[in-house]
There are 2 protein chains.
Amino acid sequence: MPRKTDSASPPEQAAPATRSTRQRRALVAELSASDGFRSAQDLHHALRQQGESVGLATIYRALQAMVDSGELDTVKADGNEAVYRLCSQAHHHHLVCRQCGRTVEVSGPAVERWASKVAEEHGFTEVDHTLELFGVCQACQSAG
Amino acid sequence: MPRKTDSASPPEQAAPATRSTRQRRALVAELSASDGFRSAQDLHHALRQQGESVGLATIYRALQAMVDSGELDTVKADGNEAVYRLCSQAHHHHLVCRQCGRTVEVSGPAVERWASKVAEEHGFTEVDHTLELFGVCQACQSAG
DNA sequence: TACGGTAGTGAGAACGATTCTCATTATTGC
DNA sequence: GCAATAATGAGAATCGTTCTCACTACCGTA
């Protein structure tokens with residue numbers, strides 16, 4: 001690959017350069033506008049509805065790229081559908097409303113510690129974990 | 001262990017009677033013979049290999065029935081494949097080896113408490129949670 | 001402003017896990 | 001043994017997601 005002649009750039013500026021396209025901007029805007037998790041199909045529909053012409057494959061690619069870069073979080077919903085949401089990059093978990101999808105980010109240092117300890121006790125290394133809380137939020141309790 | 005007879009079943013419609021068929025017996029045998037989680041497809045292959053003629057649909061149905069009755073646990077693996085395993089009925093979590101699938105059941109009272117507390121703080125009710133630990137077991141570390 | 005390398009795009013095909021259909025078969029209570 | 005009916009199985013159908021590949025548009029540079 002031809003070396004980029006970029007003089008005054010920091011060493012880590014070997015930017016893979018994610019280009020800013022109309023489609024990605026629209027996707028981010030849509031994600032920004034919603035509180036809870038959204039599915040790829042759902043986002044696709046929403047954008048089409050707004051007159052944005054975006055291919056489904058593009059949605060999936062953009063979402064995947066953003067997940068990889070840590071810009072958004074993904075959870076596998078009840079079915080087999082993955083849902084996405086803009087997120088803070090710090091490690092955290094989610095408390096998701098089963099009915100309306102409203103989501104609260106929570107962090108649990110105690111859980112992290114417990115996880116490492118348990119794993120260590122059993123001789124496991126490179127430990128990772130998934131933890132999601134599901135419930136019914138106050139609004140839905142009142143409404144229900 | 002005291003079998004918990006589900007009090008929810010109406011008296012007039014007696015036992016839903018899950019019949020003991022050759023296929024289900026083979027499936028349970030196969031599950032009993034393995035330590036870690038197995039996928040439906042995997043189990044199907046294994047049984048075929050042994051000369052047991054079993055349909056894939058049957059595998060899925062039997063697995064689903066057993067999950068419903070609490071006889072086995074299921075986790076969605078990295079991909080989109082669900083994996084199953086015979087399990088104790090008490091609430092617990094899993095520490096799964098990413099490479100060989102070997103699984104250890106672990107329980108974390110601290111986590112349960114933390115989950116309820118967090119949920120309550122945010123006004124959520126009917127809270128449930130999923131928690132799985134993934135890592136590399138000692139055997140695989142040595143082998144790797 | 002024009003140019004060109006290349007990341008990004010999109011329609012539709014491909015994929016893979018799971019579920020459904022429905023005629024056939026096997027289990028169980030009697 | 002018999003009848004009622006739960007269970008089975010082959011293949012089609014679903015459904016979310018990924019892949020293919022020719023085409024397009026972004027962006028640094030000339």
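Here is how names work: the chains are called A, B, and so on, in the same order as the sequence lines, proteins then strands, and each is numbered from 1. Quantities reported herein were computed from a predicted structural model and do not represent experimental measurements.
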Produce a footprint string for nucleotides 25-30 of chain C: one letter per nucleotide, 5' end first; B if the base is under 4.0 Å from any protein heavy atom, S if only the sugar-phosphate is, - if neither.
-> -BBS--

Using whole Å, report how far CZ of B:Arg48 lies from C1' of D:dA10.
-> 9 Å

Taking N or O atoms only and anything under 3.5 Å, show me the protein contacts with nucleotides 17-22 of chain C, one pair per line.
unit_1 : atom_1 : unit_2  : atom_2 : d
C:dT18 : OP1    : B:Ala82 : N      : 2.8
C:dT18 : OP2    : B:Tyr60 : OH     : 2.5
C:dT18 : O5'    : B:Tyr60 : OH     : 3.4

Any donor-acceptor pair under 3.5 Å linking the side chain of A:His44 with the backbone of A:Val54?
-> yes

Using modelled atom types only, decide if a donor and an acceptor are shared between the side chain of A:Arg85 and the backbone of A:Asp35 within a distance under 3.5 Å.
-> yes

Indicate yes or no: does B:Lys76 engage B:Glu132 in a salt bridge with an N to O separation below 4.0 Å.
-> no

When rounded to whole Å, the CG to P distance for the pair A:Leu43 and D:dG16 reads 14 Å

Rounded to the Å, how far apart are A:Ile59 CD1 and D:dC19 C1'?
-> 17 Å

Could you walk me through whether A:Met66 and A:Leu86 pass side chain to side chain contact (heavy atoms under 4.5 Å, CB included), step by step?
-> CA-CA 9 Å; A:Met66 294 173 78; A:Leu86 288 176; 4.1 Å; yes

When rounded to whole Å, the CD to P distance for the pair B:Glu52 and D:dG9 reads 10 Å

What class does the angle between the rings of A:His129 and A:His93 fall in, given that below 30° is parallel, 30 to 60° is tilted and above 60° is perpendicular?
-> tilted

Length of the line joining A:Asp68:CG and D:dT18:C1', which is rounded to integer Å | 14 Å

From the list B:Arg48, B:Arg38, B:Arg24, salt bridge (Lys or Arg N to Asp or Glu O under 4.0 Å) with B:Glu30 holds only for B:Arg38

So, B:Arg25 side chain and B:Ser20 main chain: donor-acceptor pair closer than 3.5 Å or not?
-> yes

Residues passing the side-chain hydrogen bond (donor to acceptor under 3.5 Å, both in side chains) test with B:Glu126, sequence neighbours excluded, are none

